[in-house]
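In this text, all values refer to a predicted model and were calculated from it rather than measured experimentally.
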Amino acid sequence: MRYIYYPGCSAGGTGKAYDESIVEVFKALNIEMEELKDWNCCGATAYMAVDEAKAFALAARNLAIAEDQYPADEEIHIVAPCSACYLGLLKAKHYTESDPKIGGKIKKALAAADLEYKGKCQVRNPLDVFAHDFGLDKLKAMTKKPLEGLKVASYYGCQIVRPYSEFEERATPVTMDNILKAMGATPVDWSCKTRCCGGMLTWSTGAGKELNYILLKEAEKAGADVIATACPLCNFNLECFQDKIKAKYGMKKEMPVAYYTQLMGLALGLDEKALGMGRLFVPPKIPVKV
Amino acid sequence: MQNAQERPVLDQAELDPEFPRRMTRKAWGENLRRCIQCGNCTGTCPLSEYMDLGPRKIISMVRSGNKTDVLKCDTIWLCASCYECTVECPKEIKITDVMYALKQQALDAGHTPRSMPLPVLDREFFNIVMKLGRSQETWLMALVILKTNWLRGLDLAPMGLKLFAQGRLSLLPDPIKVGTGKKGDLKTIMDACDRLDKEEEKEAGVSSH
């Protein structure tokens with residue numbers, strides 16, 4: 001079995017800290033993973049709004065070139081940390097394999113460029129890899145600096161759990177809570193784990209900002225020290241618009257926001273800089289006083 | 001927009017029967033006919049309270065062929081693709097995919113609300129990926145700001161500077177080679193999609209006459 005990394009387009013920009021911390025954590029856990037060569041954009045939510053066939057073919061090309069780049073008998077697991085990428089690839093896989101009409105079209109389009117879609121690739125979210133492949137016991141055993149006293153609001157957002165996820169409950173996900181708990185943190189109970197962050201609406205509409213206010217406020221009410229995120233867009237919305245949201249809704253305190261992989265990295269004793277802790281607008285205060 | 005009860009009754013002539021036909025022809029569209037108007041979609045949608053119509057009314061209006069009002073509404077552009085409605089629909093209607101299809105048609109018809117930068121963003125994103133094979137966040141945002149409301153750019157400038165200082169604004173693109181014509185070439189695949197779309201339209205046109 002081989003893990004192939006699909007960083008996605010925000011890994012080189014706003015989501016750099018997610019990319020950095022994932023790569024560091026995989027290394028520290030001795031999980032081998034290499035980047036997919038020649039990967040292209042997953043299409044995110046924008047492509048589908050313009051052209052359906054192209055959106056599917058765009059995402060499916062990544063799966064097809066992965067199959068092409070590795071030996072036929074090898075089991076390939078594409079690790080897609082960004083929720084939009086994870087969903088985009090899963091959705092393309094779902095339609096290609098289950099829908100003769102769209103699937104036929106995608107396969108034909110790929111065949112035009114001499115690619116054959118065989119359906120061999122699994123699309124995996126790193127949460128799934130950490131919790132189920134690697135295992136919580138091993139994570140616990142490898143923790144060097146337990147996140148003691150850190151109250152975390154695990155925020156999964158929408159596209160990890162809906163609609164194609166094979167590893168999570170769509171209303172009550174637990175993997176991130178379990179991972180961070182195994183590493184010493186205290187997950188708080190809150191009701192917004194899978195509530196929408198507004199996606200691309202947040203920068204452009206008041207409605208989007210209000211959705212983020214709800215998340216920040218609920219995390220605060222639950223007593224969280226930090227919101228842990230698993231998607232570059234969720235993270236961006238919650239941290240980068242926080243000053244505007246605070247001003248608009250009269251929030252008094254800041255709510256730190258960080259990627260769960262950064263928190264994992266801290267627990268594994270990795271260097272803060274290497275984990276991109278300097279690339280956050282509202283970083284968590286670590287270590288926490290109990 | 002007015003409430004549904006207050007809307008003027010449309011003449012049959014103003015409805016477009018081809019519109020629901022086109023939607024139900026989609027691979028995921030057959031279930032549209034099964035909608036029982038239960039309202040689970042609107043009830044679970046985190047953005048429905050900000051929408052002019054909401055997903056339940058949209059589906060009803062699609063089925064009745066009210067193309068003009070559906071493509072001009074702001075509801076479809078307020079869908080953030082969170083898939084809450086899709087997983088909650090008891091009739092397994094893929095409502096998020098319905099919204100995508102409506103966005104496509106609204107863009108094609110040029111019916112996009114002026115106040116919303118999202119249609120512009122979707123188009124520009126599409127164009128950048130067609131050229132580079134990958135998105136380029138900084139260029140994308142700059143283009144959208146210039147093409148919509150550049151005053152918004154001033155508002156976002158402090159954030160941009162902070163992102164830049166944190167090394168999170170990539171200025172150079174990180175493209176793949178597009179248009180080589182070799183094995184796996186993205187442009188070849190995209191061109192094939194256009195060709196297949198045309199063939200499909202042609203076939204559908206023949207069978208409906």
Given heavy-atom pairs under 4.5 angstrom as the criterion, report whether the side chain, backbone, both or neither of [X] touches chain A.
| X | answer |
| --- | --- |
| B:L186 | both |
| B:I189 | both |
| B:M130 | both |
| B:L47 | side chain |
| B:L78 | both |
| B:V144 | side chain |

Got a second to check how far [X]'s [atom1] is from [Y]'s [atom2], nearest 0.5 Å?
| X | Y | atom1 | atom2 | answer |
| --- | --- | --- | --- | --- |
| A:L201 | A:C196 | CG | SG | 7.5 Å |
| B:F126 | B:L107 | CZ | CG | 10.0 Å |
| A:L215 | A:C192 | CG | SG | 5.5 Å |
| A:C82 | A:I22 | SG | CD1 | 9.5 Å |
| A:C121 | A:I78 | SG | CD1 | 4.0 Å |
| B:L71 | B:I76 | CG | CD1 | 6.0 Å |

Around A:Y249, counting heavy atoms of other residues, nucleotides and ligands shown, do more than 12 lie under 6.0 Å from its OH? yes
Less than 4.5 Å apart, any side-chain heavy atom of [X] and any of [Y]?
| X | Y | result |
| --- | --- | --- |
| A:C9 | A:C41 | yes |
| A:L238 | A:I245 | no |
| B:L32 | B:P20 | no |

A:G276, A:C240, A:G12, A:A57: which one forms the most heavy-atom pairs within less than 4.5 Å of chain B? A:C240
I'd like to verify something: which residue of A:C197, A:G199, A:G15, A:A53 has the highest number of heavy-atom pairs under 4.5 Å with chain B? A:A53
Can you list every donor-acceptor pair under 3.5 Å that links chain A to chain B?
unit_1: A:T14; atom_1: N; unit_2: B:E137; atom_2: OE1; d: 2.9
unit_1: A:T14; atom_1: N; unit_2: B:R168; atom_2: O; d: 3.1
unit_1: A:T14; atom_1: O; unit_2: B:R168; atom_2: NE; d: 2.9
unit_1: A:T14; atom_1: O; unit_2: B:R168; atom_2: NH2; d: 3.0
unit_1: A:T14; atom_1: OG1; unit_2: B:E137; atom_2: OE1; d: 3.2
unit_1: A:T14; atom_1: OG1; unit_2: B:E137; atom_2: OE2; d: 2.8
unit_1: A:K16; atom_1: NZ; unit_2: B:G167; atom_2: O; d: 3.2
unit_1: A:W39; atom_1: O; unit_2: B:R134; atom_2: NE; d: 2.9
unit_1: A:W39; atom_1: O; unit_2: B:R134; atom_2: NH2; d: 3.0
unit_1: A:C41; atom_1: N; unit_2: B:G133; atom_2: O; d: 2.7
unit_1: A:M48; atom_1: O; unit_2: B:Q104; atom_2: NE2; d: 2.6
unit_1: A:A49; atom_1: O; unit_2: B:Q104; atom_2: N; d: 3.2
unit_1: A:E52; atom_1: OE2; unit_2: B:W28; atom_2: NE1; d: 2.9
unit_1: A:K54; atom_1: NZ; unit_2: B:D194; atom_2: OD1; d: 2.9
unit_1: A:K54; atom_1: NZ; unit_2: B:D194; atom_2: OD2; d: 3.1
unit_1: A:R61; atom_1: NE; unit_2: B:G184; atom_2: O; d: 2.7
unit_1: A:R61; atom_1: NH2; unit_2: B:G184; atom_2: O; d: 3.1
unit_1: A:D68; atom_1: OD1; unit_2: B:K183; atom_2: NZ; d: 2.9
unit_1: A:K91; atom_1: NZ; unit_2: B:Y83; atom_2: OH; d: 3.0
unit_1: A:K91; atom_1: NZ; unit_2: B:D97; atom_2: OD1; d: 2.5
unit_1: A:Y95; atom_1: OH; unit_2: B:D97; atom_2: OD2; d: 2.6
unit_1: A:K101; atom_1: NZ; unit_2: B:R25; atom_2: O; d: 2.4
unit_1: A:K105; atom_1: NZ; unit_2: B:D197; atom_2: OD1; d: 2.6
unit_1: A:K105; atom_1: NZ; unit_2: B:E200; atom_2: OE1; d: 3.3
unit_1: A:K105; atom_1: NZ; unit_2: B:E200; atom_2: OE2; d: 3.3
unit_1: A:A113; atom_1: O; unit_2: B:G184; atom_2: N; d: 2.7
unit_1: A:Q159; atom_1: NE2; unit_2: B:S81; atom_2: O; d: 2.8
unit_1: A:R162; atom_1: NE; unit_2: B:C82; atom_2: O; d: 2.7
unit_1: A:R162; atom_1: NH1; unit_2: B:E84; atom_2: OE1; d: 3.2
unit_1: A:R162; atom_1: NH1; unit_2: B:E84; atom_2: OE2; d: 3.4
unit_1: A:R162; atom_1: NH2; unit_2: B:C82; atom_2: O; d: 3.2
unit_1: A:R170; atom_1: NH2; unit_2: B:V87; atom_2: O; d: 3.1
unit_1: A:E210; atom_1: OE2; unit_2: B:Y50; atom_2: OH; d: 2.6
unit_1: A:E239; atom_1: OE2; unit_2: B:R168; atom_2: NH1; d: 3.2
unit_1: A:E239; atom_1: OE2; unit_2: B:R168; atom_2: NH2; d: 2.6
unit_1: A:K244; atom_1: NZ; unit_2: B:D155; atom_2: O; d: 3.4
unit_1: A:R279; atom_1: O; unit_2: B:R168; atom_2: NH1; d: 2.9
unit_1: A:R279; atom_1: NH1; unit_2: B:Q166; atom_2: O; d: 2.8
unit_1: A:L280; atom_1: O; unit_2: B:Q166; atom_2: NE2; d: 3.0

Which atoms of A:L280 approach chain B - backbone, side chain, both or neither, heavy atom under 4.5 Å: backbone
